[in-house]
2 protein chains.
Amino acid sequence: MSPVSHLPARALAPRRHDEILRRLGAQGSVSVAELAGFFDVSRETIRRDLKLLSDQGRLGIVHGGAARFEPSEPAMSLRSQENAGGKAAVGRAAARLVRDGMVVFLDSGTTTLAVAHAISELRDLTICTASLKIALHLCHVPGMRVHMLGGEVDPGEEAAVGIDTLDAMARFRVDIAFLGGGALSPDGEVTDFTRAGAEQRGRMIALAGKAYFVLDASKFGKLTPLRIPNFERAAGVIVDANPELALAEALSQKGPELIVAA
Amino acid sequence: MSPVSHLPARALAPRRHDEILRRLGAQGSVSVAELAGFFDVSRETIRRDLKLLSDQGRLGIVHGGAARFEPSEPAMSLRSQENAGGKAAVGRAAARLVRDGMVVFLDSGTTTLAVAHAISELRDLTICTASLKIALHLCHVPGMRVHMLGGEVDPGEEAAVGIDTLDAMARFRVDIAFLGGGALSPDGEVTDFTRAGAEQRGRMIALAGKAYFVLDASKFGKLTPLRIPNFERAAGVIVDANPELALAEALSQKGPELIVAA
DNA sequence: GGTTCGCTGCCACATATTGCAACATCAACG
DNA sequence: CGTTGATGTTGCAATATGTGGCAGCGAACC
């Protein structure tokens, strides 16, 4: 038992770690000097703490301290300009699969935003989405009922993510879903950047009558870390250009149909 | 040597970057001299920071500082331009009530959108809103966590409404809430257009530590059909001009404080 | 009691960031 | 059209920070 005496009660390592993470959450960054002064330990000790937390992937080390991770991908406004023509073609191909009166789920992402524009021509759709921009666009189209899924907003995606989103999704009966993805891997599978994203897409496949991935050619052959559950049960993958033969075969063997937009 | 001295603790690079981006988001542009003075570093350092952020595509460098490149904000809806000065004043008055670290609820509406812009200056806020535009704006401000409330999207409000929204709202512990309203009736009560809106606002009054209505002068003395439950428990009503004496007295008699923005 | 192990602080050396100074550019104005 | 003050750029030196080795210290264990 540690004596509860008058000793200066030096902070134990886990206590320091907790406080460091708390400050990170509150201020976004911490400095070695600050922390060393606060805990009254040497800078080396703080650095060792930061190294440890960094190895656990809970913060990023910068010169002079540490900072919270910011996924900081290129702003969405920039991404949506890339290969705009291809995305539009994918959007039109996707729209041809939709019939008046359907319940449509639209995932977040720039290609699904193109789908949202393409289906503006249709009537009497019920739209279900976690993307702020898609909701904002389609809510002004007459004859559309738009349901926004709630959750914590991911600035990179400009969309709700997380447990609340999964929860809200489960309440819908969806006729057709259009999903984004991080990459179309060489073995014919769509993969994702984040655990939360992969989970969300996987559940939507299970939930929707038919689920299609929409991807543009820039995603071919890339690799991202997370497999999407239920991928083989997706109805198809809509792309804007012919992928390599090997990739196409690998995909069709998994199950989903390959649709190449004109 | 004991580091008990309160040396100015030079800001870490990431902290400077956050602050620069925050100012960009709030004011649209920043100057090198301003920033150098604020952080107490040399102009070269600031320029190196700006170069770095520019390379990441997060701002554009101009002579004398940096500006945010806005791929043309597609002209905000007409309503928000009416009495823009007054709404901005209300927004600033509202922002003065907010402290770093708070959980803030922002209702839908054009005046609350002005509040959203005004609180961009603050840091480490958790925002909870049903408004698509507010979520879209604030999710890009560093240091803000934004929670979007789900629900069916009302095209007029560009916000989620309905049972799902009420449900999601109830899960939050809110420090301060800013609510819109349809009118400030002659008997000193804020009233609303729709049953769903009135119910949502009434519940938020009950839920939040402090609830303020934000209104501009165009709402004075008008009449809309629905009373807002719990109105007398609201902390205050923030407006941009002095209402008639009778109206002010009627309001103060109900309970909420009248705050007239400069 | 002795030993091992983990944590911590100190030291010396490597590296990164910053500020200064000199010079090149830019923009406003008569 | 040229001057003038402010701003941008570059090389370099000073300072702060990061890294690895080593020893002291206390706790746990044999």
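Reminder, nothing fancy here: chain letters follow the sequence lines and each chain counts from 1. None of the values given here were measured: they were computed from a predicted structure. Values below: every heavy atom of this structure, side chains too, minus hydrogens, waters and symmetry copies.
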Open item on the list: Is there a side-chain contact between B:R16 and the phosphate of C:dT18, meaning an N or O under 4.0 Å from OP1 or OP2?
Closed with: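 Yes, because at least one side-chain N or O of B:R16 sits under 4.0 Å from OP1 or OP2 of C:dT18.
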
- [ ] Please check the phosphate of C:dG9 (OP1 and OP2 only) for any side-chain N or O of A:T45 closer than 4.0 Å.
- [x]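 Yes, A:T45 has a side-chain N/O under 4.0 Å of OP1/OP2 on C:dG9.
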
Open item on the list: Whole angstroms only, please: what is the CZ-C1' distance between B:R15 and C:dT17?
Closed with: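 After rounding, the gap between these two atoms is 17 Å.
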
TODO: Whole angstrom is fine here: how far is it from CG in A:L52 over to C1' in C:dC7?
DONE: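 Atom-to-atom, A:L52 to C:dC7, this comes out as 12 Å.
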
TODO: Let me have a per-nucleotide readout for nucleotides 8-22 of chain D, 5' to 3', with B, S or -, counting only protein heavy atoms under 4.0 Å.
DONE: BBB------SBB---

- [ ] Flag the pair B:E121 and B:R23 as a salt bridge only when some basic side-chain nitrogen lies within less than 4.0 angstrom of an acidic carboxylate oxygen.
- [x]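 No, B:E121 and B:R23 are not salt-bridged.
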
Task: Check ion pair A:E152-B:R171 (N to O, under 4.0 angstrom) - done: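 Not counted as a salt bridge, because no side-chain N and carboxylate O are separated by less than 4.0 Å.
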
Open item on the list: Does the plane of the ring in B:H147 sit parallel, tilted or perpendicular to the ring in B:F172? Use 30° and 60° as the thresholds.
Closed with: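 Perpendicular: the ring planes of B:H147 and B:F172 meet at over 60°.
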
Open item on the list: Is the shortest side-chain heavy-atom distance between B:L138 and B:S120 below 4.5 Å?
Closed with: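 With C-beta onward as the side chain, the pair touches.
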
- [ ] For residues B:L24 and B:R68, report the shortest heavy-atom separation together with the two atoms involved.
- [x]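 Taking every non-hydrogen atom into account, CD2-N, 3.5 Å.
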
Task: Aromatic ring proximity A:F213/A:F178, centre distance under 6.0 Å - done: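 Between A:F213 and A:F178, the centre distance exceeds or equals 6.0 Å.
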
Open item on the list: If you assign each of A:S42 and B:I46 to its closest nucleotide in DNA chain C, which residue comes earlier from the 5' end?
Closed with: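 With A:S42 and B:I46 compared, the 5'-side residue is A:S42.
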
